[in-house]
Amino acid sequence: MTDMMPSDTQTVVTRFAPSPTGFLHIGGARTALFNWLYARGRAGRFLLRIEDTDRKRSTTEAIDAIIGGLTWLGLDWDGDIIFQFSRADRHAEMAHSLLEQGKAYHCYAGPEELTEMREQARAEGRPVRYDGRWRDRDPSEAPQGIAPVVRLKAPQQGETVITDEIQGTVSVANSQLDDMILLRSDGTPTYMLSVVVDDHDMGITHIIRGDDHFTNAFRQTQLYQAFGWDTPVFAHVPLIHGPDGAKLSKRHGALGVEAYRDMGYLPEALRNYLLRLGWGHGDAEIISTEEATRWFGLDAVGKSPARFDFAKLASLNGHYIRNSDNTALVKSLLPFIEDRLGRRLQGDELDLLAKALPGLKERAKTLVELAESALFYFLPRPLALNEKAAGLLAGSGSLLGALKTRLDEVEDWTEGPLDQAVRAFAEENEMKLGKIAQPLRAALTGSNVSPGIFDVLICLGRKESLGRIQDQITKQKSGAV
RNA sequence: GACCCCUUCGUCUAGUGGCCUAGGACAACGCCCUUUCACGGCGUAAACACGGGUUCGAGUCCCGUAGGGGUCGCCA
């Protein structure tokens, strides 16, 4: 394995090469992350290439989604984005040079003929592949009026070996590989040709990609050999499966990274989670970007597929939320709150949010949860109560009234005096603090769950707190009569 | 079907022949902390797919079986 590595003096160049046929899904995001980490940790370059040679399925929306996803994740690439289709002439030119050298040939078998060939092979239980029927035919036999494709004249004897940094050394008999199409009948290059030429021209030293490309590596190796080029280092990363163990595909639960953003996950949490999916470094779980670039290597990437587990992502996300800088957190949280509130937050409300955030962020696993837990601060009086809060108040009798009388006397609305007043009130009534705090919490927040009660009292302020308590007293009285 | 790959607690993983009566994390459960919920602390339960070898000794090496996955496009 080691002797296949390029010499130490060569700079590492990796690339992420998605096809713009949909959003940036979670597997692609991890592939991008691994490539980014590998290059960044080795003072190398990380390039982005959009594989848009399928003109029918490539969309600008998908390109935007991929760029947006990478940007949100914080994975920056070096230089300009390469659009593969813009290099089609170069790819075709290389195919023609192979044709001239007799290493490729024209094939006149049309789509129907090939389908028929495959169906028959399948029916007879034979391997399903092109049988090379035009490989050695004389050009004079070419039928008129049919545009041919160009196929590689691949070796039929021996075997093709790839040395993969993750999968190890694997060989396949050349008899298993058919002559791949290089140029379509309209003269445009296929993926197989384009990747090889681009990876070579871009000076890619390490190809880190999903395991679904593993068998492609054999065909690509044959192409590298036909061109007389050295192969880059291959590293095929096992795929990510869904929670049920089935393949995580776009139609089976795979989501775009923007969906994770909308669910309230932080990019640093998603990055940390993705990094640990299929890769490990001893017992390390919470891994900073700096540590990740320092530690990441292909030798520690596992060989088996991993299942996606939302619970662990959520746990990591909670950690990153708790440890977020408040100013930055407010910025990412604000859209979630305003979206739920249906309006923008005013200046003094922003101050309130900043003040309340430390108490709030302790208890949320996503920005969605965080936003919902913050909502009560901004809702107008009188507050609607959830079921449990209503139950707490119903069972508290005249407690609120007596408590309010006591709180009315507190002029210095800060933790010390408030704490003192409420505790004194509890002692006088021979009640545990919880018996008082819970109804108070219900009146103040409309819920049975919230940050510490003194924190809430202070953030809300004297006037608003007293007002909210009075609302419930009034409601109780009217209800009693 | 053919070719190739994979298999340690429910999940992600540590483990590269003796340090393993298999470690960590998430989830679960219990206890503590406590004004609720979280956080935090402590603890419990939980795995080397199976069968053969090799070896003084195997989770670690080899073979087979079973299960899972990937690929087999004029898609990428």
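Throughout, a chain's letter reflects where its sequence line sits, starting with A, and its residues are numbered from 1. From a predicted model like this one, the values you see are computed outputs, not experimental measurements.
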If the C1' atom of B:rU54 is compared with that of B:rC9, how far apart are they to the nearest Å? 29 Å

Side chain of A:Asp309 - closest among B:rU11, B:rG24, B:rU13: B:rU11

Is any side-chain N or O of A:Ser185 under 3.5 Å from a base N or O of B:rC74, one able to act as donor and the other as acceptor? yes

Quick test of your reading of the model: are A:Arg15 and A:Asp198 salt-bridged, counting only N-O distances below 4.0 Å? no

Check every atom of B:rU35, B:rU7, B:rA38 against the side chain of A:Ser304 and return the nucleotide holding the closest atom. B:rU7

Is a donor-acceptor contact shorter than 3.5 angstrom present between the side chain of A:Arg363 and the base of B:rC37? yes

Pairing partner of B:rC39, by Watson-Crick or G-U wobble and under 3.5 Å for both distances, is none

Using a 4.0 Å heavy-atom cut-off, does A:Glu285 contact any base of the nucleic acid, only the sugar-phosphate backbone, or nothing at all? base

Report the base-pairing partner of B:rU55 (Watson-Crick or G-U wobble, both distances below 3.5 angstrom), or none. none

Kindly point out which of B:rA76, B:rC4, B:rA38 is positioned nearest to the side chain of A:Val170? B:rC4

Any side-chain heavy atom of A:Leu152 sitting closer than 4.5 Å to one from A:Met192? no

Taking B:rC12 as the reference, what is the distance to B:rU7 when you measure between their C1' atoms (whole Å, please)? 15 Å

Over 60° means perpendicular and under 30° means parallel, so tell me whether A:Tyr265 and A:Phe310 are parallel, tilted or perpendicular. tilted

Salt bridge present between A:Arg129 and A:Asp179 (N-O < 4.0 angstrom): no

Is any N or O donor-acceptor pair between the side chain of A:Arg441 and the base of B:rU35 shorter than 3.5 Å? yes

Should the side chain of A:Lys312 and the base of B:rC12 be counted as holding a donor-acceptor pair, with the cut-off at 3.5 Å? yes

Below the 4.0 Å mark, does B:rG73 have OP1 or OP2 next to a side-chain nitrogen or oxygen of A:Arg118? yes

For B:rC48 versus B:rA14, give the span between their C1' atoms, rounded off to a whole number of Å. 13 Å

Donor-acceptor pair under 3.5 Å: do we get one between A:Asp212's side chain and the base of B:rG70? no

Does any donor-acceptor pair link the side chain of A:Lys365 with the base of B:rA38 at a separation under 3.5 Å? no

Sticking with atom C1', work out how far B:rU8 lies from B:rU13, rounded to a whole angstrom. 9 Å

Taking atom P of B:rC74 as reference, at what distance in whole Å does atom CZ of A:Arg151 sit? 7 Å

Rounding to an integer number of angstrom, what distance separates B:rG59 and B:rU71 when you compare their P atoms? 34 Å

Between the side chains of A:Glu291 and A:Arg294, is the shortest nitrogen-to-carboxylate-oxygen separation below 4.0 Å, so that they form an ion pair? no

Remember a base hit wins even if backbone is also touched, and classify A:Pro451 as base, sugar-phosphate or nothing at under 4.0 Å, heavy atoms. base

Using a cut-off of 4.0 Å on non-hydrogen atoms, how would the nucleic acid contact of A:Asn448 be classed: base, sugar-phosphate, or nothing? base

When you compare B:rG53 with B:rA47, how far apart are their P atoms, in angstrom units rounded to a whole number? 26 Å

A:His213 ring over B:rG70 six-membered base ring, under 5.5 Å and 30°: no

N/O (side chain, A:Thr53) to phosphate O (OP1/OP2, B:rA76) under 4.0 Å: yes

Please state the C1' separation for the pair B:rA76 and B:rC63 - nearest whole angstrom. 38 Å

What orientation do A:His206 and A:Tyr38 show, parallel under 30°, tilted 30 to 60°, or perpendicular over 60°? tilted

